[in-house]
Every structure is written in structure tokens, then in C-alpha cells.
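Have a look at the structure below before the remarks.
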Amino acid sequence: MSMFEDANRKQISNRRKKDLYLHLLFIAATSIGIIALMALLINIVLDGIGRLNLDLFTNYPSRVAERAGMKSAIVGSIYMVLIMAPISFVLGVGAAIYLEEYAKKNAITRFIQLNISTLAGVPSIVYGILGLTIFVRGLSLDRSLLSGALTMTLLVLPVIIVSAQEAIRAVPRARRDASFALGATKWQTVYGSVLPSSISGILTGVILALSRAIGETAPLVMIGALTFVAFLPSSIMDQFTVMPIQIFNWISRPQVSFHDLAASGIIVMMVMLVLMNISAVILRNKYSKQI
Amino acid sequence: MESNVAPSTTTKMNFKNSRSHLSDKIVPIILFLCAALSVLTTIGIVVTLLSETINFFKSVPFMDFLFGTKWSPLIEPKAFGILPLLSGTLLVTVIACIVAIPIGLASAIYLSEYAPKRVRKIVKPILEVLAGVPTIVYGYFALTFVTPLLKSIFPSMGVFNALSAGIVVGIMIIPMVSSLSEDAMSAVPKSLRHGAYALGATRFEVALKIVVPAAFSGIVSSAVLAFSRAIGETMIVAVAAGATPNLTLNPLESIQTMTAYIVQVSLGDTPHGSVEYGTIFAVGMTLFVITFLLNILAQYVARRFREEY
Amino acid sequence: MSTATQAANQTLIHIEQLNLYYGTYHALKNVNLTIPEKAVTAFIGPSGCGKSTLLRTLNRMNDMIDGTRIEGLVSMGGTDIYSSDVDVETLRKKVGMVFQQPNPFPKSIYDNIAYGPRLHGIKSKSQLDEIVEQSLKQAVLWDEVKDYLKRSAFSLSGGQQQRLCIARALAVNPDVLLMDEATSALDPISTLKIEELVQELKNKYTIVMVTHNMQQAARTSDQTVFFLNGEMVEFDQTETLFSNPSDKRTEDYITGRFG
């Protein structure tokens, strides 16, 4: 007589079957996301590969799809990120240092923290309305590169602050103690020990936030980044366009030739994003070794 | 015992401050200002939206805006009823959630309860990539891939329609649902699972009867956040859903969402200070209030969840 | 309680009626103690007895823990270190500390040593070079690293890292060196090296060490203090305390009956 004799074998095998079916269902559901991504990438590469030539990088926009390029948009995106990078780094890391190292655990701090997480959930187009009112009109910066960069800085700041806070929080207490024990003041400790210990983690967050800014379209549509720019901005007060705006403009045209052009533009933009993400991953790996 | 007088020492030491620590007085103030900028941003958003919205309501009665069934601010006869924009937004958002919540949740259960480590290591970054694709790219995908695909099923469907946009917005928010739900599930203590396994439960019984209920408020919170994100999504709907304010629940028709309307106006040449210009702010305010309340709701639900352990 | 029979050395640190609270927890109870200069004083006792807490009052590292309250006198070189005109940074410059785990900064070996001198305003390259070399020599690390000063401090072994941390503490020219279980994370050979180093350093510095290892206290210290539950039980010359303890509790501890 086996001790398992009384077990209801039929009931158990039914439950096993159910487990298997659900397992397959869960795998199928997970695959949908992956399949969608594949379909998206393949669709874009097939559409865009034909127009992916040097003209795309060297030509300005044109009414003729065959001659149109995105030189001004590529340069505009790069300039915008170059302006954003130092501003958002200083403001974001400054806020993170304050919240992690200086702020007392009181109601004001909790309010600021809650505010930052709420801001991260505000639709990007609302930042566009803010930028339009404050930078374009209020400060009379017009539809300039600077207006665009400042608007996007406000958009990515919550993301940068939160990731920088995580990086700073991960610095072991011993690193701070080592500095204090040598007679360092609070700021000397933050600057000399905490920041060097967390810098690659912070930079990872900044790069990811900036790559998000490269792909953002809606706020820049709001502040009026142009879609037909046949020159390169020569100062931060010049008008400009960026890659996603140019792509949006091409998608909005009825002709298929412009749609294919848009797909080529998307390939260029996505390659740029992939490169930024790879550098972020490299930094992150370096970071995990240091702590 | 010790004497009350400090004993004599050969070495005399003093610890008087030899330098001034100016940096430790100024730096905290500067850092505080950086952190306070986020509060200023919020105030800026609210004041900006509110002041122009108040101006707008001087020309358009509040009730007409809120309950009007026709939205035609740019073409005579003008009408400023936001319901068509709201219904368009809701239509897209509901379709998106029908796609994203089951798939996202099932992915989360798979990743948290079933997937071997090796599979997780591959699948999670792929889902992260899905979250990092710019929305304009999704817009292109909706217009040039999903819409033609749907048209082969529903031949009557227009080029611009709510269904295609909604499905693609849904794909976009899958990673959000799955990663937040998975976080909630992995916060469920191992001991709860082990308790159930020890009673002879199978994996799906543990997943569906133990883990999901225990992580329920975290899952609900992720769904609310995804809903809010879908409402605020702009470029996919601006590209694929159309520009026809249309009070309909038919997903095959062209509609216009609040966000797509704002884009439409700002692409045009609307004079600053006009009533049409004011509509951007009134619609923007509506959008902000709805997403803000949803985000607060999500945080509230999530916080209740944390108290359970 | 027995008072230590003072060696030839003069008292440097004088602690009187010291009470310390973390919130409502009474961590140090009525501690009275004198620590002589240019000698090694060891604090022993079971975990949670307050030995590390007392060590951290000597460079005021406890100040950074919220809710810490302190009563009584801690004087060093004739100055009450808790009086309001004491600058904590200056105090910590003169009272160096080495921690349980080696905790180098994510910088080069050179920059680790130069960190302290730079904090205190030394900028000249030649002066820093001199300090780095001297400090590493004092910590008996110079010969092992002199050709790799630009390498990351993390490239060193655990024992080397701890000697680097000692060199880093010496680089600001302190009078006192606090060692908080500085060998507990190290292998026996590295431990021995550091114990030998301590014997060298006591000619120049006043050393206070916390250790959970009684053999180490017996091997390296001149005076030993035994703590239990936040109270100082016994303080004596190391030899006397280990061979002929006057308190029953000390005897129980050193013979391994608890702890």
C-alpha cells in the first residue's frame, strides 16, 4: 500500500493540466510585447532602408521627397541635448544631493518628494504649454533653441532627480564616515566622497533622461520648433528643428515617399538612442563594480 | 576614584576653528533651490493653465464647455463643448487598457512566478526597449502597419481611427503595467508562497490565489498609472487617430483626443490672446487635472499596499 | 573598579561621568576613564557593550546619529571636546580613525592619501608627494605600492586597503589614532602586519583600539578596558587585567564563560 493511495489523482492531474495551460497563456501574453517590438522594428527597417543614404544627413528639408534630408534636424537635436546636459545635470544632481544628504525628514521634504513623483506623471504636452507661456512668451526667448532646451530640461528633471537619488542612496555609509573622520565638512564629504562614489550611476540616469528628450515630440510642437528649417542654428537664440519634429512632419504628409523618408529618419534617431543607451549600460556596469 | 580636577597633561590640544566653512553655509541653500525648482515647476504649470483658462471662461460659459456636445473652436459656427474630445480620449484610453492590462499583468505573472532566470534576463530588457521607443515611432507604426492590418479585417474603417491608435498606445504602456506589477509581486514575501506550496498548491494556484491578491493594490496602482499615461499620450493619437472631434464610441471612426487637439492648434497659426488660443489652456487644464488626480489615486493605492507587510 | 596603575606616560584623554543615550536607550553609563598618551589602549567586551560607541565619542562621530544625547566630560589635551567653541572638523583632523571594513574612496592610491591634506588646504604638489610617501612608509605600504600610485585603491588586497586607510588617517598628522575593530575583516597574516604596525606607531601616536579579539588586546595593548552593558567594568595594565582580573565579570569574560 502506498501512502499516496488516498490522493485524488484525477483532481491533481486536472490541476497540473490547468497549470500547464496557464503557463502557456502567460508565455503567449509575454510574447505579444516582444512580437510587437519586432514587427515595429522590421516594418521601419523595410520602409526606411531604401532612403537611408548620405543625402539624408547632408540635405535640408525639401518639398521633393527624393531630395529631402534631415541635416538641420540632426544638428538641432544634438545642439538641444548639448545645452540640456549641463543644465539638467547641475539642477537634477543638486536637488538629489539636497534631498538625500541635507534635507531633514520633515513635511517640506516629503512635499518636495511627492511633488517630484507627481511631476514625473504630468503629460509631456503640458510641459509644452508651460514652455510656451514661460520661455517663449514670458521671458521672450521666442521659438529658440534655448526655449526648447529649457522646456525639455524641466520635463526630464524629475527622472534625473529620482535616478540620482537612487545612486546617492546606494553609496555605503562607510564612504561618508571615512571622509568625516578625516575632518571633512558636509560639503567636502559630498563633493569628495559621495559624488565620486555615485557619479557613474548618476551619469547613467542623465544619459537615459537625455535620450528620452531626443525622442520627445509633443512639447517641442507646442513651443513651435519649426518643421521646415533650411539652415543650421548659429546661436542658442536661433530657430531650430529636431529629429522627431521632422519625422512627424513627414508622417503627416499623404505621400508614401514621405512616409518612407520618415522611416529612414526614425532609423537614424533610433540608432542614436541605441548608442546612448549602450553607453548608459556600460557606465552602469562600471558603477556596480565600484560599490 | 577619579579626581574632579582634570589631570595635567604634557600635550596641550585645542580645536579652534582655523578656517571658515563658507561652503557649508551657502551650498545647502543652493541645493535647496535646485530641489525647490520642482515645486516652482508645478506652481508654474498650475498658474499658467489657470490664468489663461480663467480668461477663456470669460468668453465661453463653463457649463457650455463641460457639457457641450460639439467641439468646433476653429470653424464657424464655433462651439466649445469638450465632450467630443473627452469621449475620443476615453475611447483610445479604454482600448489601450484592454490591450495593456491583461497582457502586462500576464507578463508580470510570467516573469515573477514562472520564468527561469535566463529568460527573465532576456525578456526584461526587451520590455524596457519597448518602453524607450519614442512615441512618434509608435505613431508611424500605427499609421503604416497596424491600420492597414486592421483595414483588412474591417474594410469600412478609415485611415484615421481610434482602434489602431488605441491598440498601439496599449502596446506602448505594456512595459509600464508589467514592470510595476512585477515589482508589486516580487515584494510579496517568499514565506507566503512557500506556505502555499507546502500545502500542495500548483504554480498557477500560488500565482493567482496567493501572489496576485497579496499584490493587488500594487497591480491596481500600476493599472491606474497606465490609464493616466494613455490619457496624456500625444503623438500616437495625433498621427493615427485623426482630427475629427466626434462624440462617438465607435472605435472604427476618426476621432480627436484632447492632446491631439492641442497639437493641431499649435501647428496652426492661432493668434495669441484669442479665444481659440485660450482653448489650448482650457483643454490642457482638463488634461492636467484628470492625470493629476489619477496619479494621486495611484500613489494612494500603492501606499495602502505597502502597509500590508 | 580599579584604577590603572599609570605607566610613565601622561594622561591625554580624560573621561568623567560620561553618559550617552541613543533616544531612550542608555548606551554608556557613568564612564570614568583616563587614556595615556603614546600608548595603546584596548577596549574589549561583548557586542553591544558600548566599546565602539565610546570610541566614536572621542572624534564625535556619534554627533551624526540623530537622537544622540551626551552628558559628562570628555577632555583631550586639556580641552573639553564637547564645548561649544570646539570645531568638530579640527578635532577630527587631530583624531584619526580606522574603521572595521577597509573603506578607501573610489580614487587612486595617491588621491586617497592626499584627500585629507587637500581638505585642510594643502595644494602644493611637492608637499603632497612628500606627505603621500611619508604616510605610506609609516603604514609600511610604500614598498608595495610606490610604482602604482595612480592605480585605483580597489586594486589592492583587503589587508593592503586597510593599511592604506591607516596611511590616509596619518596623512593629516593626527595626535590620536582610533581603530574600530580594524582587523576584524582581515586574514591572519594581514592582521599580524597591522598589529606590528601598531607597535611602531605607538611611539608617535596615542592609539585607542576596539577589538572583539582578546588575544589581540593581550598582544598589542598596554592598557585594557573591559566594558559590559554600557558600563566600564575594569581598567588596568593589560598584563594585570588578563592575568589577575579584579572583577568577577572580567574573569568570566576573558575565560570565555560568555560573550
Side-chain angles (χ1 to χ4, degrees), chain A residues 93 96-110 113 163-164 166-206 282-291, chain C residues 52 55-56 58-67 87-108 111-121 135 152-155 161-162 164-174 176-180 185:
Chain A
V93 177
I97 292 173
Y98 176 77
L99 290 168
E100 288 301 311
E101 300 288 326
Y102 285 89
K104 298 199 173 61
K105 303 247 171 300
N106 58 20
I108 297 175
T109 308
R110 274 198 300 278
Q113 196 72 65
S163 65
E166 277 167 17
I168 290 171
R169 217 176 293 145
V171 176
R173 205 198 143 77
R175 292 274 169 79
R176 294 179 177 85
D177 282 354
S179 175
F180 282 123
L182 287 166
T185 62
K186 182 99 186 175
W187 172 243
Q188 286 172 327
T189 298
V190 168
Y191 188 80
S193 177
V194 177
L195 278 184
S197 300
S198 53
I199 192 68
S200 40
I202 290 173
L203 287 178
T204 304
V206 171
I282 291 172
L283 270 172
R284 194 189 304 180
N285 289 344
K286 199 183 152 204
Y287 171 66
S288 56
K289 268 182 217 140
Q290 256 180 24
I291 286 207
Chain C
S52 281
L55 192 76
R56 293 167 80 95
L58 300 181
N59 63 348
R60 291 185 58 175
M61 288 292 276
N62 285 325
D63 290 17
M64 285 181 292
I65 300 166
D66 284 340
D87 180 62
V88 180
E89 282 79 33
T90 313
L91 169 73
R92 289 184 189 144
K93 177 176 180 292
K94 295 187 180 173
V95 184
M97 188 167 196
V98 181
F99 297 84
Q100 196 167 356
Q101 295 278 345
N103 55 358
F105 300 118
K107 296 168 185 268
S108 69
D111 287 335
N112 262 279
I113 309 290
Y115 187 90
R118 279 179 179 141
L119 287 180
H120 300 288
S135 310
S152 162
F154 292 119
S155 64
Q161 285 188 17
Q162 194 62 305
L164 179 77
C165 291
I166 294 175
R168 184 176 65 186
L170 298 179
V172 291
N173 198 20
V176 180
L177 190 61
L178 309 177
M179 303 180 80
D180 190 356

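Bear in mind that the values here come from a model prediction, so they are computed numbers and not experimental data. Lettering follows sequence order; numbering is per chain, from 1.
Counting heavy-atom pairs under 4.5 Å between each of Met61(C), Met97(C), Gln101(C) and chain A puts Met61(C) at the top.
Only the backbone of Val95(C) has a heavy atom closer than 4.5 Å to any heavy atom of chain A. In this structure, no portion of Pro174(C) lies under 4.5 Å from any heavy atom of chain A. Both the backbone and the side chain of Arg168(C) come within contact range of chain A, each with at least one heavy atom under 4.5 Å from a heavy atom of that chain.
In the displayed structure, Asn106(A) atom CG is contacted under 6.0 Å by more than 12 heavy atoms of other residues, nucleotides or ligands. A 6.0 Å sphere centred on CD1 of Ile108(A) holds no more than 12 heavy atoms belonging to other residues, nucleotides or ligands. Counting non-hydrogen atoms of other residues, nucleotides and ligands closer than 6.0 Å to OH of Tyr191(A) gives a total of 12 or fewer.
The pair Arg56(C)-Asp177(A) counts as a salt bridge, with a side-chain nitrogen and a carboxylate oxygen less than 4.0 angstrom apart.
Here the side chain of Lys107(C) pairs no donor or acceptor atom with the backbone of Ser193(A) at under 3.5 angstrom. The closest donor-acceptor contact from the side chain of Asn103(C) to the backbone of Ala174(A) lies under 3.5 Å.
Side-chain contact between Tyr115(C) and Ser179(A): present, with at least one pair of heavy atoms (C-beta onward) separated by less than 4.5 Å. Put simply, the side chain of Arg175(A) reaches to within 4.5 Å of the side chain of Pro106(C), judged on heavy atoms.
None of Thr189(A), Leu182(A), Thr185(A) except one satisfies the side chain to side chain contact (heavy atoms under 4.5 Å, CB included) rule with Leu119(C); the exception is Leu182(A).
For the atom pair Gln188(A) CD and His120(C) NE2, the distance stands at 7.0 Å (nearest 0.5 Å).
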